[in-house]
Amino acid sequence: MTATRQTLLLAVPVNWAGLWTAPLADMAPDLNVVVQGRDTFDPASIDYVLGFRPQPGFLKTLPNIRAVFSLGAGVDGFLEDKEYPRHVPLVRFVDHQLSREMAQYCVMHVLIHHRQQRMFDSLQHKKKWRQSIPPRKTEDTRVGILGIGEIGTLVAERLREHDFQMAGWSRSKKQIDGVESFAGAGNLQPFLARSDILICLLPLTPDTRHILSAKTFAMLPDGAFVINVARGGHLVESDLVAAIDSGHLSGATLDVFETEPLPGSSPLWAHPKITVTPHVAAISDPRVMAKVAVDGIALMESGKPLENVVDFARGY
Ligand code: NDP
Ligand code: OXD
């Protein structure tokens, strides 16, 4: 008896589909892969979905799907779909290489700020030789990470190697060497009060939307610097600009935005104290994503539990 051939729907932009179809064909030649927008298919024939931000309401039109694999670590794009079929497990993308890239980005931007590199860039443009007083020591600089999960933990460990005073904020208490743990809403204020540099690595959920607001910024020490690498929905952009322009915050680095691509009319582009990058802190590797889906399908087909399944009640 031969096993039934499984069908995976790839929900990605059609012109990029080859990035995933090639490794999927290598790793699972028996898997039938159809590409949304390119191939015609019977909705009832789809067993699995690999995608990022499917159109709201689309997944519920696939009556037989057994699991959905997210192309991203953040699954807010799925959970915003009020019609997501909640009986279907959603697997988020967890990959050490992705965490390493996120850590590189965060370490780089923390050090650019800490070593005043933007000021030296501007002096170079003006051909000015100015030796400023040495920056504060890393040992005297407190970095706080909002969301100390898969990625936040590695970011904290990498920054700890530079001797920053590290702390993380999460829902549950953590035991990470050299990283002070603050847990729960009641500990947000003391966590913020000790964060000279604040990095947001939270998932976007109803509890964390707009957590980076005037109220939060007021709790940070004067001169604090903000890095948002999580989701644009965490930040009230106008509150950030106001807090920087008032002199309370010293600046920010932003990789993610409420509207992406960031519109040309946004004041963030040209703000002298804000660094903008186009959601590139880490780029997930399609080959690894394909493997996550292939391994997950194998687990499902052999009746074993999936890994990294999203808890719909928590929202991440
Ligand atoms: P995890 O789920 O592993 O970690 C999330 C952390 O946030 C956990 O520590 C969790 O606490 C904490 N948290 C969640 N909700 C709350 C809350 N209400 N109060 C306090 N703490 C909370 O996520 P990852 O580290 O894998 O990813 C984090 C985010 O990074 C993703 O959701 C995505 O949006 C973003 N990202 C951005 C990328 C980019 O290129 N810019 C690339 C990859 C990811 P606890 O541990 O107690 O559960
Ligand atoms: C992700 C992302 O969530 O790329 O992985 O933002």
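Remember, it's 1-based here, ligands and their atoms both numbered in the order they're listed.
Summarising the geometry of Val35 relative to Asp39, their closest heavy-atom pair is N-OD2, 2.7 Å, with the distance given to 0.1 Å.
Salt bridge annotation for Asp76-Arg231: present, with a cationic side-chain nitrogen under 4.0 angstrom from a carboxylate oxygen. Under 4.0 Å is where a charged nitrogen must lie from a carboxylate oxygen, and between Arg287 and Asp26 at least one such pair does. Between Arg209 and Glu80, at least one side-chain nitrogen of the basic residue sits less than 4.0 Å from a carboxylate oxygen of the acidic one, meeting the salt-bridge criterion.
Ring centroid separation for the pair Phe312 and Tyr84 comes in under the 6.0 Å cut-off.
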Check ligand 1 for N or O atoms under 3.5 Å from a protein N or O and list each pair with its distance.
| unit_1 | atom_1 | unit_2 | atom_2 | d |
| --- | --- | --- | --- | --- |
| ligand 1 | 2 (O) | Arg92 | NH2 | 3.4 |
| ligand 1 | 3 (O) | Arg92 | NH2 | 2.9 |
| ligand 1 | 3 (O) | Glu150 | N | 2.9 |
| ligand 1 | 9 (O) | Ile148 | N | 3.1 |
| ligand 1 | 9 (O) | Ile148 | O | 3.4 |
| ligand 1 | 9 (O) | Gly149 | N | 3.2 |
| ligand 1 | 11 (O) | Arg171 | N | 3.3 |
| ligand 1 | 21 (N) | Arg171 | N | 3.2 |
| ligand 1 | 25 (O) | Glu150 | N | 3.4 |
| ligand 1 | 25 (O) | Ile151 | N | 2.9 |
| ligand 1 | 26 (O) | Arg92 | NH1 | 2.9 |
| ligand 1 | 26 (O) | Arg92 | NH2 | 3.1 |
| ligand 1 | 34 (O) | Ala230 | O | 3.4 |
| ligand 1 | 34 (O) | Arg231 | NH1 | 3.2 |
| ligand 1 | 40 (O) | Ala282 | N | 3.4 |
| ligand 1 | 40 (O) | Ala282 | O | 3.4 |
| ligand 1 | 41 (N) | Val229 | O | 3.0 |
| ligand 1 | 41 (N) | Asp255 | OD2 | 3.0 |
| ligand 1 | 46 (O) | Lys174 | NZ | 2.5 |
| ligand 1 | 47 (O) | Arg171 | N | 3.1 |
| ligand 1 | 47 (O) | Ser172 | N | 2.6 |
| ligand 1 | 47 (O) | Ser172 | OG | 2.6 |
| ligand 1 | 48 (O) | Tyr316 | OH | 2.5 |

Which pairs of N or O atoms, one from ligand 2 and one from the protein, are separated by less than 3.5 Å, and what is the distance for each pair?
| unit_1 | atom_1 | unit_2 | atom_2 | d |
| --- | --- | --- | --- | --- |
| ligand 2 | 3 (O) | Ala73 | N | 3.1 |
| ligand 2 | 3 (O) | Gly74 | N | 2.8 |
| ligand 2 | 3 (O) | Arg231 | NH2 | 2.7 |
| ligand 2 | 5 (O) | Ala73 | N | 2.7 |
| ligand 2 | 6 (O) | Arg231 | NH1 | 2.8 |
| ligand 2 | 6 (O) | Arg231 | NH2 | 3.4 |
| ligand 2 | 6 (O) | His279 | NE2 | 2.6 |

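Remark: Arg136 engages Asp196 in a salt bridge (charged side-chain N to carboxylate O under 4.0 Å, His left out) (not counting sequence neighbours). Applying the side-chain hydrogen bond (donor to acceptor under 3.5 Å, both in side chains) rule to Ser172 yields the partners Lys174; only residues at least two apart in sequence or on another chain are considered.
When only modelled atom types and interatomic distance are considered, Asp255 and His109 share no side-chain donor-acceptor pair under 3.5 Å.
At least one side-chain heavy atom of Leu240 sits less than 4.5 Å from a side-chain heavy atom of Ile274.
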